[in-house]
Protein chains: 2
Amino acid sequence: MNLPKAWEILKENGFKETSKRQQILEMFSEDDRYLTARDLLDVMQKDYPSMSYDTVYRNLATFVSLGILEETELSGERHFRMQCESDHHHHHFICLDCGKIKEVPVCPMDMIGAALPSYQIANHKFEIYGKCPECQ
Amino acid sequence: MNLPKAWEILKENGFKETSKRQQILEMFSEDDRYLTARDLLDVMQKDYPSMSYDTVYRNLATFVSLGILEETELSGERHFRMQCESDHHHHHFICLDCGKIKEVPVCPMDMIGAALPSYQIANHKFEIYGKCPECQ
DNA sequence: TTCTAATTAAGAATCATTACGATTTACATT
DNA sequence: AATGTAAATCGTAATGATTCTTAATTAGAA
């Protein structure tokens, strides 16, 4: 997702354009990889020494709920990245070194068939972990 | 996995048979579902009021490293259960209400093919979440 | 039984995350 | 441009899960 689209969504939902939100979104826009709240705070405290975790987490939650960011859990920490623009459902390879991702155009739910009769499926998770070509 | 097999593995690796380990393994053996460290501690403190988190976590880590337990993360907490005995690789449906699982005999890695050329794949995760028939 | 290394207890420390009251800011309205 | 108001942020404290530390206890070997 790009910045204008993200702001469009925020404005549509009545959220204000603040300098903190701008910088958070810029970081995600520039770095196409998974970041933690700490990653963001460390960088942002250079420009805004008073930046607090509360602001980071609150905005991350907002962005995720609006579909601007996506979230996953890696080794016990929440990680965030820009939502993909792809129109078709897909999954991700995630580099455990640099956090970059690669889309994988396969969804295992296509092969579930009748394996779960009368089970109520809410959601699913499929991720592949390893090292990307650049990190080997 | 059953208790004798678990103890066999522990003995092979030089671990001692303690009453705490016995009770932890019994809980997993009886309850075929995901439990948290807190779940275990709450029950065990009835028999051992002095039981500490440290003991729970240390043993859980041991069991996971020996392949006796498997672990996953659900809504920010680590959950543990007995390792499946199935000889073939598979994945799980996990009931978000009761923690019970159902094996799903499908692995998406079978369909990855050449989608990730020169990527070094370390592992993968595929889980389906929802409500089991009993919890609906 | 004794010895020794493994294990546990007890509680403090750490880490990520959330909550809260006070202050500041964006922005619609005048 | 000044004002009003809800939203957003700050500063800090609280929480909850997990890990660490040191001293005491215990399982199993000798």
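In what follows, chains are A, B, ... by sequence order, proteins preceding strands, each numbered from 1. Please read all numbers here as calculations on a predicted model, not as lab measurements.
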Length of the [atom1]-[atom2] vector between [X] and [N], whole Å:
X: B:E77; N: C:dT18; atom1: CD; atom2: P; result: 13 Å
X: A:E17; N: D:dT9; atom1: CD; atom2: C1'; result: 16 Å
X: B:Y48; N: C:dA9; atom1: OH; atom2: P; result: 9 Å
X: A:L35; N: C:dA16; atom1: CG; atom2: C1'; result: 16 Å
X: B:D42; N: D:dG16; atom1: CG; atom2: C1'; result: 13 Å
X: B:Q23; N: D:dT26; atom1: CD; atom2: P; result: 16 Å
X: A:Y53; N: D:dG16; atom1: OH; atom2: C1'; result: 16 Å
X: A:L25; N: D:dA8; atom1: CG; atom2: P; result: 13 Å

For [N], does either OP1 or OP2 sit under 4.0 Å from a side-chain N or O belonging to [X]?
X: A:R21; N: D:dA8; result: yes
X: A:T18; N: D:dA7; result: no
X: B:R78; N: D:dT19; result: yes
X: B:S52; N: C:dG11; result: no
X: A:K20; N: D:dC10; result: yes
X: A:R38; N: C:dA16; result: yes

request  = Would you give the length of the straight line joining atom CG of B:L41 to atom OG1 of B:T55, rounded to the nearest 0.5 angstrom?
outcome  = 9.0 Å
ask   = Aromatic ring centroids of B:H91 and A:H124 under 6.0 Å?
value =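 For B:H91 and A:H124, the ring centres are not under 6.0 Å apart.
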query = Where the side chain of A:M51 is concerned, which of C:dC27, C:dT18, D:dC10 is the nearest nucleotide?
reply = D:dC10
message = Determine whether a donor-acceptor pair (N or O, by modelled atom type, separation under 3.5 Å) exists between the side chain of B:R78 and the backbone of B:E71.
response = no
task = Keeping the roles fixed (side chain from B:Q45, backbone from B:Y48), state whether a donor-acceptor pair exists under 3.5 Å.
result =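 Answer holds: no.
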key: Where A:K125 and A:E73 come nearest, the two heavy atoms and their spacing   = NZ-N, 4.0 Å
query = Which heavy atom in B:H92 sits nearest to a heavy atom in B:V104, and how many Å separate them?
reply =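 Answer, listing the atom of B:H92 first, then B:V104: C-CG2, 4.2 Å.
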query = B:F15 near the nucleic acid: base, sugar-phosphate alone, or nothing, with a heavy-atom cut-off under 4.0 Å?
reply = sugar-phosphate
request  = For the residue pair B:T62 and B:N59, confirm or rule out a side-chain donor-acceptor distance under 3.5 Å.
outcome  = no
message = Give the residues of residues 54-72 of chain B touching DNA chain D, defined as any heavy atom closer than 4.0 Å, sorted by residue number.
response = B:D54, B:Y57
query = Is a salt bridge present between A:R81 and A:D32, judged by a nitrogen-to-oxygen distance below 4.0 Å?
reply =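 Result for this pair is yes, salt bridge flagged.
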key: Residue whose nearest DNA chain C nucleotide is more 5′ - B:K16 or B:S50   =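 Taking each residue's closest nucleotide, the earlier one in sequence belongs to B:K16.
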inquiry  = With nearest nucleotide decided by heavy atoms, which residue, B:K11 or B:T36, maps closer to the 5′ end of DNA chain D?
reply    = B:T36
